[in-house]
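Throughout, a chain's letter reflects where its sequence line sits, starting with A, and its residues are numbered from 1. Here the structure is a predicted model, which means the values were calculated and not measured.
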Amino acid sequence: MLKPVRNHSWDLEPRDAIALQTELAGQLVFAPPPAEIELVAGVDVSMRRGVARAAVVVMTMPELHEQERVCADAPIAYPYVPGLLTFREAPTILQALERLEHLPDLLMFDGQGYAHPRRMGLASHIGVLLDHPTVGCAKSRLCGTYKEPPRERGAYTHLYDGDEVIGAVVRTRTGVKPVFVSAGHRMTLDAAIELVLACGKGYRLPEPTRWAHRAAAQTGA
DNA sequence: GCGACAG
DNA sequence: ATCTTGTCGC
């Protein structure tokens, strides 16, 4: 249902991968997303025992009721290299997205978008390949400088690369670690911030992973 | 040369 | 991201 309008090899040496990112950056479209967003998709990938598993959950907006969920597995075929995360996760993500029966108006990723050394983080890259609106929502900083935002939910500060604003550090929940928001493709930073806050469940407090796994196992997840 | 470094 | 026990801090 959701397939790339263009494609390329993912088996690239860092040097070529970097060149591709720079080239694709020139195709980024910076524009407001659709005014009416009814379906939002959250995308993430787990790396377990040599297997990459991408999960996509489509939810209604603004109720955030689950509409659909799909997964895709694939052998891990690329190492983690700061700045090249896309080459490690994208192949599996694209496979999962093709299994979607519904067409989300927006895709949100656990990673950077424009806030990337070459302005081509995971969210932007996949957005360009799909030519679909995307937002990058990372748990930590890849590049750029910023001041800690006020502790209240909704507060944020800009993330800079020199004089350019490349993203924002957003407080989705009062007193909790902020997230790093940046525009993906066919998106603006302001819209991205607004959308992330609209998906108001917020950031989850860290909890012992072994307990989470245990709970997941009992639920059959 | 020494750090920093999405997940 | 994942592995993995005890331990430090509020």
Side-chain angles (χ1 to χ4, degrees), chain A residues 10 12 14-15 17-18 20-22 24-25 28 42-57 71-97 107-129 134-146 148 151 156 158-162 165-170 172-185 187 189 192-193 196 203-217 221:
Chain A
W10 292 105
L12 301 177
R15 164 180 183 143
I18 288 174
L20 176 59
Q21 291 183 322
T22 300
L24 290 177
L28 258 191
V43 185
D44 198 8
V45 181
S46 74
M47 298 295 202
R48 294 284 291 188
R49 300 167 44 187
V51 175
R53 170 169 294 177
V56 180
V57 176
C71 278
D73 287 352
I76 296 177
Y78 206 88
Y80 168 67
V81 180
L84 299 181
L85 176 66
T86 307
F87 293 82
R88 181 175 168 81
E89 303 193 338
T92 316
I93 289 175
L94 292 175
Q95 194 179 317
L97 291 175
L107 266 32
M108 288 189 40
F109 296 85
D110 183 357
Q112 311 291 348
Y114 190 77
H116 178 277
R118 292 166 292 282
R119 308 293 183 263
M120 211 9 82
L122 177 69
S124 295
H125 196 134
I126 291 184
V128 168
L129 295 186
T134 61
V135 167
C137 186
K139 298 184 295 300
S140 63
R141 179 196 74 99
L142 171 59
C143 62
T145 58
Y146 66 96
E148 199 68 18
R151 71 189 300 284
Y156 69 85
H158 284 328
L159 177 62
Y160 294 92
D161 181 356
V165 175
I166 60 175
V169 188
V170 185
T172 55
R173 292 182 67 180
T174 299
V176 173
K177 185 160 83 85
V179 294
F180 295 73
V181 179
S182 57
H185 179 58
M187 181 63 54
L189 177 57
I193 294 173
V196 167
Y203 184 77
R204 293 198 173 188
L205 266 5
E207 62 182 88
T209 54
R210 51 175 175 276
W211 297 350
H213 285 320
R214 195 162 192 285

Categorize A/Ile93 for me: base, sugar-phosphate, or nothing, with a 4.0 angstrom heavy-atom threshold over every strand shown. nothing
Dot-bracket encoding of pairs in DNA chain B, which uses [ ] for pseudoknotted crossings and | for another strand, Watson-Crick or G-U under 3.5 angstrom: .......
A/Ile166 backbone acceptor or donor facing A/Ser182 side chain under 3.5 Å: no
Within the 4.0 Å heavy-atom criterion, would you say A/Gly136 contacts the bases, only the backbone, or no part of the nucleic acid? nothing
Note, A/Val43 side chain near A/Leu122 side chain (heavy atom, < 4.5 Å): no
Are A/Arg119 and A/Tyr114 in a cation-pi contact, defined as NZ or CZ under 6.0 Å from the six-membered ring centre and within 45° of the axis? yes
What range of DNA chain B does chain A touch, first nucleotide to last, counting atoms under 4.0 Å from its heavy atoms? B/dA4 to B/dG7
Examine distances only and state if a side-chain atom of A/Gln21 and a backbone atom of A/Gly83 form a donor-acceptor pair shorter than 3.5 Å. yes
Between C/dC3 atom C1' and A/Ile76 atom CD1, what is the distance in whole Å? 13 Å
Of A/Arg118, A/Met120, A/His116, which meets side-chain contact (heavy atoms from CB on, under 4.5 Å) against A/His125? A/Met120
Is the shortest heavy-atom distance from the side chain of A/Ser124 to the side chain of A/Phe109 under 4.5 Å? no
Rounded to whole Å, OH of A/Tyr80 lies from C1' of C/dC3 at a distance of 17 Å
Just call it for A/Arg141: base, sugar-phosphate, or nothing, with non-hydrogen atoms closer than 4.0 Å on any strand. sugar-phosphate
Quick one: sort the A/Tyr160 and A/His158 rings into parallel, tilted or perpendicular, breaks at 30° and 60°. perpendicular
Using atom types as modelled and distance alone, determine if a side-chain donor or acceptor of A/Thr134 lies under 3.5 Å from a backbone N or O of A/Leu107. no
Just N and O in the side chain of A/Arg48: are any of them under 4.0 Å from OP1 or OP2 of C/dC3? yes
